[in-house]
Amino acid sequence: MVRKQEQPGDFAARLVERRIVGTGRHGKHLFIHIVGDVTWVIHLGMSGRVGVGRVGDVRPPHTHVVVVLDDGNEIRLTDPRTFGHTEALAPEEVATASFSAHGPDAYTDPPAPSALADRLGHRTAPIKALLLDQTLLAGIGNIYADESLHRARLAPHRPAGALTRGEIERLLEAVATTLEAGLRAGGTTLADMAYLLPDGRSGEFITELAVYGRDGEPCPRCGAPIRRDVIRQRSSFWCASCQH
DNA sequence: ACCTCCCTGGCC
DNA sequence: GGCCAGGGAGGT
């Protein structure tokens, strides 16, 4: 999981005997700030988890990175698929990291409709693809993209530049309410149980999903069958009857 | 806009 | 055994 660290030895060297001074998050990147201007970056990928346990206790399977604290606890990064990654960066590395080019956080710092309209203006790509583009808006993944589009009653294939001002406002409103609902429910634990809350509980947003993973089931809004299309190599679940 | 790759695991 | 999976980088 430290494969993106330019000098692999830097990961431990930059953390050992250093104090944690704060935490942060932008989009899907987690930040643990370390004394000496070091940023410990964590991205969970598709199957990663951050856990805390007691030193000496049995660790979960697929625990790849362990950082022992001075209070008897240890931070564990667990990731069966290892699409996640972590690194300890110096300020100049943070400045050039890909996440530093990401757009505003979709939850804490959503753009004004006019700002998003400017950036979508001439884009011909489907709006679904651009919702997943972290350089436009950071933090939305496949589930929340599909759920947001359903709430906004927008078809995922719509060319982004052709959205009207009203539709962009609807989309931003839908993103906000979808992310709020997702967080309130503790996130989305799917059947694979890959994502769990830090204390091991499941997130319950799966019970509120309108379209994601519901291929063939009736749309909760209009009853038409939900379909699954592939857009940019990712599954897209949507209702062709009430999303236009 | 497409492709491959990074990995493991569950399901059909 | 093939397909699918909450993500993203890199190449053409």
Side-chain angles (χ1 to χ4, degrees), chain A residues 1-6 8 25-30 41-51 59-65 77-87 89 93 96-103 105-107 120 122-150 156-161 175 178-179 181-183 185-198 201-216 226-238:
Chain A
M1 290 184 70
V2 295
R3 64 184 177 278
K4 293 183 71 171
Q5 183 94 46
E6 282 194 38
R25 180 196 62 81
H26 187 94
K28 302 172 188 174
H29 285 86
L30 311 179
V41 181
I42 300 169
H43 191 297
L44 298 175
M46 301 233 286
S47 57
R49 273 155 59 192
V50 179
R59 296 166 177 161
H62 305 290
T63 297
H64 301 295
V65 174
L77 304 190
T78 301
D79 189 356
R81 229 176 139 186
T82 67
F83 281 19
H85 56 89
T86 191
E87 48 274 339
L89 300 182
E93 293 170 327
T96 57
S98 60
F99 62 76
S100 289
H102 281 183
D105 185 85
Y107 181 66
L120 296 182
H122 331 58
R123 304 288 298 267
T124 57
I127 184 60
K128 166 66 186 287
L130 295 188
L131 277 180
L132 295 177
D133 179 350
Q134 305 295 298
T135 68
L136 213 54
L137 205 56
I140 300 176
N142 207 30
I143 293 175
Y144 294 98
D146 282 0
E147 293 298 309
S148 297
L149 287 166
H150 181 264
H157 308 80
R158 283 284 297 283
V175 165
T178 302
L179 292 178
L183 282 160
T188 314
T189 299
L190 298 174
D192 63 5
M193 302 292 280
Y195 163 76
L196 295 171
L197 287 152
R201 288 182 303 132
S202 292
E204 301 298 336
F205 195 57
I206 188 169
T207 66
E208 298 175 48
L209 294 176
V211 287
Y212 182 85
R214 301 192 173 277
D215 196 11
I226 293 158
R227 38 187 280 198
R228 172 184 179 272
D229 290 357
V230 174
I231 299 176
R232 294 284 219 276
Q233 331 300 125
R234 308 292 302 279
S235 287
S236 282
F237 298 93
W238 66 296

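Predicted, not measured: the structure shown is a model, and the values here were computed from it. Naming: A, B, ... by sequence-line order, numbering from 1 per chain. The basis for the numbers below is simple: all heavy atoms, side chains too, and nothing from hydrogens, waters or symmetry mates.
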Classify the nucleic acid contact of [X] as base, sugar-phosphate or nothing, counting any heavy atom under 4.0 Å across all strands shown.
X       : answer
H85(A)  : nothing
R49(A)  : nothing
T188(A) : base
Y212(A) : sugar-phosphate
A125(A) : sugar-phosphate
D192(A) : base

Go through [options] for me and flag the one nearest to the [X] side chain.
X       : options                : value
R232(A) : dA1(B), dC7(B), dC4(C) : dA1(B)
T124(A) : dA1(B), dC2(B), dA5(C) : dA1(B)
Q233(A) : dC3(B), dA5(C), dA1(B) : dC3(B)
P126(A) : dC7(B), dA1(B), dA5(C) : dA1(B)

Quiz item: Between D215(A) and R227(A), is there a side-chain N and carboxylate O pair less than 4.0 Å apart?
Solution: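 Between R227(A) and D215(A) there is no salt bridge, as every charged N stays at least 4.0 Å from the carboxylate O atoms.
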
Rounded to whole angstrom units, what separation is found between the [atom1] atom of [X] and the [atom2] atom of [N]?
X       : N      : atom1 : atom2 : value
Q5(A)   : dA9(C) : CD    : P     : 17 Å
K128(A) : dA1(B) : NZ    : C1'   : 16 Å
D215(A) : dA5(C) : CG    : C1'   : 14 Å

With a 4.0 Å cutoff (strictly under), does any side-chain N or O of [X] reach OP1 or OP2 of [N]?
X       : N      : answer
K4(A)   : dG8(C) : no
H62(A)  : dG9(B) : yes
R228(A) : dC3(C) : no
S98(A)  : dG8(C) : no

Quiz item: If you measure from OG1 on T78(A) to NE2 on H62(A), what distance do you get to the nearest 0.5 Å?
Solution: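 With rounding to 0.5 Å, OG1 (T78(A)) is 9.5 Å from NE2 (H62(A)).
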
Self-check item: P gap between dG2(C) and dT4(B), integer Å
Solution: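 dG2(C) and dT4(B) have their P atoms separated by 16 Å.
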
Quiz item: Between dG10(C) and dC7(B), how far is it from one P atom to the other, in whole Å?
Solution: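 Nearest-Å result for dG10(C) against dC7(B) at atom P: 15 Å.
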
Quiz item: Tell me, do L120(A) and I127(A) make a side-chain contact under 4.5 Å, heavy atoms counted?
Solution: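 Yes, their side chains come closer than 4.5 Å.
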
Quiz item: Are F83(A) and the base of dC7(B) stacked, counting only ring centres nearer than 5.5 Å and planes tilted under 30°?
Solution: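 Here F83(A) fails the 5.5 Å or the 30° condition.
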
Quiz prompt | Watson-Crick or G-U stems of DNA chain C, 3 or more pairs, under 3.5 Å, by first number | solution =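 Consecutive-pair runs (3 or more) involving DNA chain C: B:1-6 with C:7-12, B:8-12 with C:1-5.
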
Quiz item: Want to settle it: does A191(A) or R81(A) sit nearer the 5' end of DNA chain B, counting the closest nucleotide to each?
Solution: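 Result: R81(A).
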
Quiz item: Under 30°, 30 to 60°, or over 60°: which ring-plane class applies to H43(A) and H85(A), parallel, tilted or perpendicular?
Solution: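 Parallel: the ring planes of H43(A) and H85(A) meet at under 30°.
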
Practice problem: Take M193(A) and S202(A) through the side-chain contact (heavy atoms from CB on, under 4.5 Å) test and state the conclusion after the steps. | Solution: CA-CA 8 Å; M193(A) 302 292 280; S202(A) 292; 3.6 Å; yes

Quiz item: Donor-acceptor pair, H64(A) side chain versus T82(A) backbone, under 3.5 Å?
Solution: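 Side chain of H64(A) to backbone of T82(A), a donor-acceptor pair under 3.5 Å: no, none is there.
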
Exercise. Check whether the ring centres of Y144(A) and Y107(A) lie less than 6.0 Å apart, and answer yes or no.
Key: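 Not close enough - the centres of the two rings lie 6.0 Å or further apart.
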
Quiz item: Which residue, L149(A), I226(A), N142(A), L209(A), forms the side chain to side chain contact (heavy atoms under 4.5 Å, CB included) with F237(A)?
Solution: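 Between F237(A) and the candidates, side chain to side chain contact (heavy atoms under 4.5 Å, CB included) is satisfied uniquely by I226(A).
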
